[in-house]
Amino acid sequence: VQLQASGGGLVQPGGSLRLSCAASGSIFSINIMGWYRQAPGKQRELVATIASGGSTNYADSVKGRFTISRENAKNTVYLQMNSLKLEDTAVYYCNADYLTSRWALSTIRSWGQGTLVTVSS
């Protein structure tokens, strides 16, 4: 299974970006999809997750500014980022917890390659 992330770039403080991540390969169903980020010199941290039913979870630092969504038919997750701040600068990674078949006993987690978001004036 491969996850392809896109949409990163350079944006000024207060600006917006929309990240996309599409999963492909031997997927029966995807339970949870999410976005994480890693800033230079820091550990990777959770940004947001979304379950197959649509329930979401956000890091406190992005609540009210970022919105996660997904298209189950396309195995794609999105991250709409508004009111970006300097501290949002990081490499953003998507992931997916999925089943490879209806008989699978547990989910597998795969990660995308990361997309760089730089917030700078």
Starting from the C-alpha separation in whole Å, work towards a yes-or-no answer on side-chain contact (heavy atoms from CB on, under 4.5 Å) for Leu19 and Val117.
CA-CA 9 Å; Leu19 306 183; Val117 172; 4.1 Å; yes
Pair listing, disulfide bond (SG atoms under 2.5 Å apart) test, anchored in residues 20-114, at least two apart
Cys21-Cys94
Supply the atom-to-atom distance Ser20 OG to Gln80 CD, rounded to the nearest 0.5 angstrom.
9.5 Å
Asp88 bridged to Lys85 by N-O distance under 4.0 Å
no
Tell me whether Tyr78 is reachable from Val47 by hopping between hydrophobic residues (I, L, V, M, F, W, Y) whose side-chain heavy atoms are closer than 4.5 Å.
no
Check the hydrophobic clustering (I, L, V, M, F, W, Y; side-chain heavy atoms under 4.5 Å; chains of links allowed) and say if Ile32 and Leu99 are grouped together.
no
About how many Å separate OG of Ser101 and CD1 of Ile27, when rounded to the nearest 0.5 Å?
13.0 Å
Do the side chains of Leu84 and Phe66 get nearer than 4.5 Å, heavy atoms only?
yes
Closest non-hydrogen contact found for Ile30 with Ala23 is CD1-CB, 4.0 Å
Which value, rounded to the nearest 0.5 Å, describes the distance between Thr118 atom OG1 and Leu86 atom CG?
11.0 Å
Any link between Leu3 and Val91 through a network of hydrophobic side chains (Ile, Leu, Val, Met, Phe, Trp, Tyr) touching at under 4.5 Å?
no
Mind checking whether Trp111 and Arg44 have side chains closer than 4.5 Å, heavy atoms only?
yes
Between Ser6 and Thr115, is any pair of side-chain heavy atoms under 4.5 Å apart?
no
Quick one: pull up CG in Asn57 and NZ in Lys63 and give me the separation to the nearest 0.5 Å.
7.0 Å
Between Val11 and Trp35, is there a shared hydrophobic cluster once you connect ILVMFWY residues whose side-chain heavy atoms come closer than 4.5 Å?
yes
From Tyr92 OH over to Leu79 CG, what is the distance, rounded to the nearest 0.5 angstrom?
7.5 Å
Note, Ile108 side chain near Val1 side chain (heavy atom, < 4.5 Å):
no
Are the side chain of Ser110 and the backbone N or O of Gln2 linked by a donor-acceptor pair below 3.5 Å?
no
In short, Ala90 meets Leu116 closest at the heavy-atom pair O-CD1, 3.6 Å
Ignoring hydrogens and geometry, is there a side-chain-to-backbone donor-acceptor pair from Gln113 to Gln4 under 3.5 Å?
no
Going by heavy atoms in the side chains, are Tyr98 and Thr107 under 4.5 Å from each other?
no
Between Asn95 (side chain only) and Gly34 (backbone N and O only), is there a donor and an acceptor less than 3.5 Å apart?
yes
Ser61 versus Arg37: any side-chain heavy-atom pair under 4.5 Å?
yes
Shortest non-hydrogen contact between Ser83 and Ser16, atoms and distance
N-OG, 4.4 Å
Residues two or more places apart in sequence or in another chain: which of them pass side-chain hydrogen bond (donor to acceptor under 3.5 Å, both in side chains) with Lys42?
none
Could you pull out the closest heavy-atom pair between Met33 and Asn75, with the gap in Å?
CE-O, 3.7 Å
Check for me, please, whether Val77 and Val62 land in the same ILVMFWY cluster - side-chain distances under 4.5 Å, paths through other members count.
yes
Say you draw a straight line from CE of Met81 to CZ of Arg18; how long is it, rounded to the nearest 0.5 Å?
11.5 Å
What closest approach, in Å, do Arg109 and Asp97 show between heavy atoms, and which atom pair accounts for it?
NE-OD1, 2.7 Å
Heavy-atom count check: over 12 atoms from other residues, nucleotides or ligands less than 6.0 Å from Glu87 CD?
yes
Decide side-chain contact (heavy atoms from CB on, under 4.5 Å) for Phe28 and Thr100; before the verdict, give the C-alpha distance in whole Å, the side-chain angles of both, and the deciding distance to 0.1 Å.
CA-CA 5 Å; Phe28 173 71; Thr100 56; 5.8 Å; no
With a 3.5 Å cut-off and no angle check, do the side chains of Asn31 and Ser52 form a donor-acceptor pair?
no
